[in-house]
Amino acid sequence: MAKLPAGTLYRGKVGMWSWVLHRITGVAIFFFLLVHTLDTALVRVSPEAYDAVINTYKTPIIGLGELGLVAAILFHGLNGIRVILIDFWRKGAKYQNVMFWIVVVLAALLFIGFAPRHLAHVFHWNV
Amino acid sequence: MSTPKIHHYEYDVVIVGAGGAGMRAAIEAGPHAKTAVISKLFPTRSHTGAAQGGMAAALANVEEDSWEWHTFDTVKGGDYLVDQDAAEILAKESVQAVIDLENMGLPFNRTPEGKIDQRRFGGHTRDHGKAPVRRSCYAADRTGHMILQTLYQNCVKLGIEFYNEFYVLDLVMVGEGKNKKPSAVVAYELATGDLHVFAGKSIIFATGGFGKIFKTTSNAHTLTGDGVGIIYRKGLPLEDMEFYQFHPTGLAGLGILLSEAARGEGGILRNASGERFMERYAPTIKDLAPRDMVARAMANEVREGRGAGPNKDYVLLDLTHLPPEVIDAKLPDITEFARTYLGVEPYTEPVPVFPTAHYAMGGIPTNIKAEVLSDNNTVVPGLYAAGECACVSVHGANRLGTNSLLDINVFGKRSGIYAVEYAKTAKQVPVPANAADEVVAMIEKVRNSNGTEKVAVLRKELQDTMDKNAQVYRTEDSLNEALDKIAELRKRYENISVQDKGTRFNTDLLEAIELGFLLDLAEVLAFTARERRESRGGHFREDFETRNDKKFMVHSMAYLTDKKAKKPADNIKLDWKPVTITNYPPMERKY
Amino acid sequence: MVTIETPRSPRSRKGAKWEKWGWLYMRASGVVLLVLIFGHLFINLFQNGIQAITFAFVAGKWADPFWKIWDGAMLWLALIHGTNGMRTIANDYTVRLGMRKFLNVTLWVVCFALIILGTLVITTFDPCSDPSVNQIADISIHCGK
Amino acid sequence: MSAETKKIGEIPSYKVTLFVRRFNPEDGQEARWEDFDVEVFGTDRVLDALHKIKWEQDGSLTFRRSCAHGVCGSDAMRINGRNRLACKTLIKDLDMSQPIYVEPIKGLAVEKDLVVDMNPFYQAYRDVKPFLIASDKPAKERLQSAEERARFDDTTKCILCAACTTSCPVFWTDGQYFGPAAIVNAHRFIFDSRDEASEVRLEILNDKEGVWRCRTTFNCTEACPRGIEVTKAIAEVKQAILVGRR
Ligand SMILES: Cc1cc2nc3c(=O)[nH]c(=O)nc-3n(C[C@H](O)[C@H](O)[C@H](O)COP(=O)(O)OP(=O)(O)OC[C@H]3O[C@@H](n4cnc5c(N)ncnc54)[C@H](O)[C@@H]3O)c2cc1C
Ligand code: HEM
Ligand code: SF4
Ligand code: F3S
Ligand code: FES
């Protein structure tokens, strides 16, 4: 019988890898959002419950995780705009490549602006 | 080895080949009769799709033109070996053929008024040779691609039944002598190795050309002349096989075609010193002279040491004076070929070119109803042929550019119409019980072959000898050399080996079978070329440099006989057939 | 490697053509979410920082209806956006129809459960109702005490 | 090559290694890689190398090909991880210090070696009604301005090679997706001013397996040997569904 091909990795370019990243970041944000909705709901349970849970977030490990989350959101959000431009702007397809690098640079700049401050918060540095 | 499974079908019209001619026939036949199209390739893979330049029709959309002028050009271009009744039909029906395609959706380039645009092409002139005329209808430089796509699209629309990747290997004929009638074709299914017997009241052959007998060719790997070979093996004649067209502008060394449209749009051929040498050979229409003249002129430049390049073995096609916008709009694909395959930028550099084997003027003889002939005038009832595999003969000794796409549409359509007409009244000729036996034997013999010769080696030696001995310049000696070589290859062909013994997608097996057809056709070509001791159109004999109308104003008709060949080509019987002349008495061909 | 659904089985043309609306929604919500989420992150994590997030902080924010609407919109838009995105992904990587159905149903159930929960939390949240709030100085301002 | 047949001066020759993904339904083995060493010339294409293997080393190596210059669409395959036509990929343009990997296009069932079952692909093409639908019966040609003609020029170039569809990550996981090639061929008619059935085709592509499935990954555009701006064409079809043909 006919066989299905075993795969090696397809060597797509920017378009494909940006989509892979968009997907991964989307999933990550989704799962965070589920948790985040639940933990925020604790405000209705009691302030103590809420603060107790939130305090467990204030450890360095979760803090670093949050850093990742922010990076994911930055990329996902900005790349989402790129995708929207490809869909709706006549020249979008032509400039998709350039736009990807703009997304990367913008996300990186925002991240660089954010990261030190966040780390300072997490590790109680005085800024 | 077990014998393959055999399947049976019954149709009114069976069409072999899904190129331009086959599908044009299917579009006529499909709605009126139970029709099957059998093709060794998926339809849109057919080589019609490679055609670039255009399709001739005297639409007179951009300048004055008439079908009579077109007829004259066709006759003259064919060096008067054209059957003029057929040429008249070709020219007259060309207008409708183009309109048909447009109405089916073909995206022709347009004039500012929105009509079909036309451009110049070699040998097409106004008022019997006064000046070049814009007669070629085109869709950028992918006219053939658009024709093939449009025809397939319309076949999809009509729900035509296709059997793709089915190799027809035999035609079943029943009866004796003049009463022989076609009954079925036998096809080998690539995917499974099964055999399929298609009974048909009418059977149309539209299997295209056989350029693969040459090494340097614009033709596809799959153009191995199976259909022509099958007909020949049935004892039916082949007409004008010595006339094979060499297209002037193949990419040097590769054979990939750069359309004549390049010259139609103003491209100029130059030799090593930059001279526009065509001015010497055809002072009035220069680079737009018919292909045989240009090809010979190029070969001559190279022979006399004026070739360009390190080995002085090609000439140059100069497009650098054309504005890049024109190149992009009108010749995008072929300039892309030059970039991809030779790394040459046509905007700024001339492109190395040399003649390439391109088109078979000869083939299966038919009349103007596309009916196949079993001798000079007897029709085989129910058997039709159209397209490059057929010889009506509208191309005579040399085909004009853009007349083939026209041919496949006009005579493809005709074959469909007349095949249906015949199938409406005729009875199916009963298919003999042993219909597939010959093919079974052939396949099993090749599959089980365990000799010492390699198919690819034999094929290469065949192609080399044909390029060397039967190309633009031919002599008695060179053709004898070719015939001797072919006889030797035939012997060695008995001792081949096929490595793939399987039943599924066994292309190894099919390449071996295709080589058999190539050998047959190369032999007929070399033989008829030897016997035609004159020069005419695409056939140029250095030992007989002029046209000899007294002796050779006739078509050659070659038959395979049962005789055991003691000498090379001994088993070919040669006959001659008069040319039909209506309005244009033969004259000297000058441009 | 995943094996793919045999593509020869005919495409089903039945059913409403939701896909277009889903596609449009992803884009429309995406643009709005960009503003909402980036704003949210800026205020919560950048200006205040994770250490400053406490019940009091939330209560303080939600004392202002503007932030209630902001966060409510974010909740709805993001959950539906995310769930629809997850649905696409599930459709891509599931082979069996049953599995696909199961995942889709699960996703939407979770999505709507959370939306209802979240909405209830936001709409019914009254920072002053909780007695302990009165001990937090800056909120008690809002509670009019 | 003998001296007299050498055409473009001295063509340098190289030794390269090809890893070819082999599969034969008749030998009961799993698909596997097999390597071949071949001598190639500077102007050779991957197709030439495959031919050399088939003709000189292993006759059972199976692949489709016909025109050998990129116009028939027979020989789309995955060369060094990307969909390419073997006849349009010059070996010298690849990194020759590394082996060249050749495998079948992805997402369609492999029949043998590099040959895949193209039927689902053709079916998707036929499903979009890829033919002119017009009710008028003009005596001559229908008029069409050069601008109207230019509107769909790009998508008329398609040779149905399937390089695009089988490079699409969505198609790999969801074989029901119409795929870029079908959309390209629908586009060719949707934007043809002579056609009257663009609504019908748009409705077909508004399907759950239609244009909305595209995630703008651009693999199709990068794979298309005819240089068709596939993703752009898909975007135009999406727009046409949303706000009508323009
Ligand atoms: C590069 C190139 C450019 C050209 N440019 C022009 C041009 O600009 N203008 C012009 O007028 N002409 C041009 N020509 C010539 C013209 O394109 C061809 O002569 C014409 O297309 C032939 O059409 P056809 O239908 O006869 O054959 P093809 O299109 O070759 O089709 C042959 C069909 O037969 C099938 N077949 C073959 N053998 C078998 C078998 N054993 N069993 C089953 N099926 C079989 C094949 O699958 C195929 O479907 C050009 C030719 C070439 C090569
Ligand atoms: C910050 C603003 C956001 C923007 C601009 C945005 C934009 C987009 C866009 C345009 C798409 C569609 C992609 C496509 O069709 O190819 C998308 C997909 C997706 N988004 Fe978002 N999004 C944002 C936030 C979020 C959030 C908060 C989540 C999580 C809850 C999320 C999860 C997803 C998921 C899971 C997908 C599907 C990915 C896929 O199919 O590959 N997004 N996003
Ligand atoms: S769009 Fe391009 S890649 Fe896709 S089938 Fe057509 S020619 Fe091939
Ligand atoms: S690769 Fe696929 S996802 Fe869209 S852009 Fe091309 S169809
Ligand atoms: S062989 Fe025709 S496209 Fe490659």
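Letters A, B, ... mirror the listed sequences (proteins, then strands); counts begin at 1. From a predicted model like this one, the values you see are computed outputs, not experimental measurements.
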Hey, is NZ on D:Lys129 packed in by over 12 heavy atoms from elsewhere, all under 6.0 Å? no

Of the listed B:Leu509, B:Leu59, B:Val156, the one with the largest count of heavy-atom pairs under 4.5 Å with chain D is B:Val156

Closest non-hydrogen contact found for B:Tyr341 with D:Ala68 is OH-O, 4.1 Å

Just verifying a value: how many Å separate B:Arg45 CZ and D:Arg65 CZ, rounded to the nearest 0.5 Å? 13.5 Å

Tell me, side chain or backbone of B:Met104 under 4.5 Å from chain D's heavy atoms, or both, or neither? backbone

Which answer fits B:Ile116, side chain, backbone, both or neither, if we ask what part of it has an atom under 4.5 Å from a heavy atom of chain D? both

Restricting to non-hydrogen atoms, name the atom on B:Asp500 and the atom on D:Thr62 that form the minimum distance, rounded to 0.1 Å. OD2-OG1, 4.2 Å

At a heavy-atom distance under 4.5 Å, which candidate from B:Asn154, B:Ile99, B:Asn109 has the highest pair count against chain D? B:Ile99

Let me know if B:Glu113 has heavy atoms under 4.5 Å from chain D in its side chain, its backbone, both or neither. backbone

Can you tell me which portion of D:Arg194 sits under 4.5 Å from chain B's heavy atoms? Options are side chain, backbone, both or neither. side chain

Bottom line for B:Phe505: the part with an atom under 4.5 Å from chain D's heavy atoms is both

Chain B heavy atoms under 4.5 Å from D:Asp195: which part of the residue, side chain, backbone, both or neither? neither

Ignoring hydrogens, what is the shortest heavy-atom contact between D:Arg45 and B:Ile256? Give both atom names and the distance. NH1-CD1, 4.1 Å

Measure D:Ala139 against the heavy atoms of chain B and call it side chain, backbone, both or neither at under 4.5 Å. backbone

Max heavy-atom pairs within cutoff under 4.5 Å with chain B, candidates D:Ser66, D:Ser145, D:Cys72, goes to D:Ser66

With chain D, the option among B:Lys312, B:Glu511, B:Lys454, B:Gln96 that has the most non-hydrogen atom pairs under 4.5 Å is B:Glu511

Identify whether NZ of Lys or CZ of Arg in D:Arg149 sits under 6.0 Å from the centre of the six-membered ring of B:Phe108 and within 45° of that ring's axis. no

side-chain contact (heavy atoms from CB on, under 4.5 Å) test vs B:His145 passes for just one of D:Ile159, D:Thr156, D:Val71, namely D:Ile159

So, taking the atom named CG in D:Leu160 and the one named CD in B:Gln149, what distance separates them when rounded to the nearest 0.5 Å? 5.0 Å

Closest heavy-atom pair and its distance - D:Phe152, B:Pro107: CE1-CB, 3.6 Å

Once you measure the plane-to-plane angle for D:His69 and B:His47, does it fall in the parallel (<30°), tilted (30-60°) or perpendicular (>60°) bin? perpendicular

Checking heavy atoms, do the side chain of D:Lys137, its backbone, both or neither come under 4.5 Å from chain B? neither

Out of curiosity, B:Arg504 CZ to D:Glu26 CD, how far, rounded to the nearest 0.5 Å? 6.5 Å

Rounding to 0.5 Å, atoms OH (D:Tyr125) and OG1 (B:Thr44) come to a distance of 7.0 Å

Does D:Arg226 come within less than 4.0 Å of B:Asp333, counting only side-chain N to carboxylate O? yes

A side-chain contact here means heavy atoms from C-beta on lying under 4.5 Å apart; do B:Asn103 and D:Lys140 qualify? no

Side-chain contact test, heavy atoms from C-beta onward, threshold under 4.5 Å: evaluate it for B:Phe162 versus D:Tyr122 and give yes or no. no

Return the CZ to NZ distance between D:Phe131 and B:Lys157, rounded to the nearest 0.5 Å. 6.5 Å

Would D:Arg188 and B:Gln153 count as a side-chain contact (heavy atoms from CB on, under 4.5 Å) if you check the C-alpha gap in whole Å, the side-chain angles of each, and the deciding distance to 0.1 Å? CA-CA 12 Å; D:Arg188 181 247 170 276; B:Gln153 288 156 3; 4.2 Å; yes

What distance separates D:Leu143 CG from B:Lys115 NZ, expressed to the nearest 0.5 Å? 8.0 Å

With a 4.5 angstrom heavy-atom cut-off, is it the side chain or the backbone of D:Asp153 that approaches chain B, or both, or neither? both

Among B:Asn61, B:Leu106, B:Val98, which residue satisfies the side-chain contact (heavy atoms from CB on, under 4.5 Å) criterion with D:Glu141? B:Asn61

Under 4.5 Å, counting heavy-atom pairs only, tell me which of D:Lys54, D:Arg126, D:Glu56 racks up the most with chain B. D:Lys54

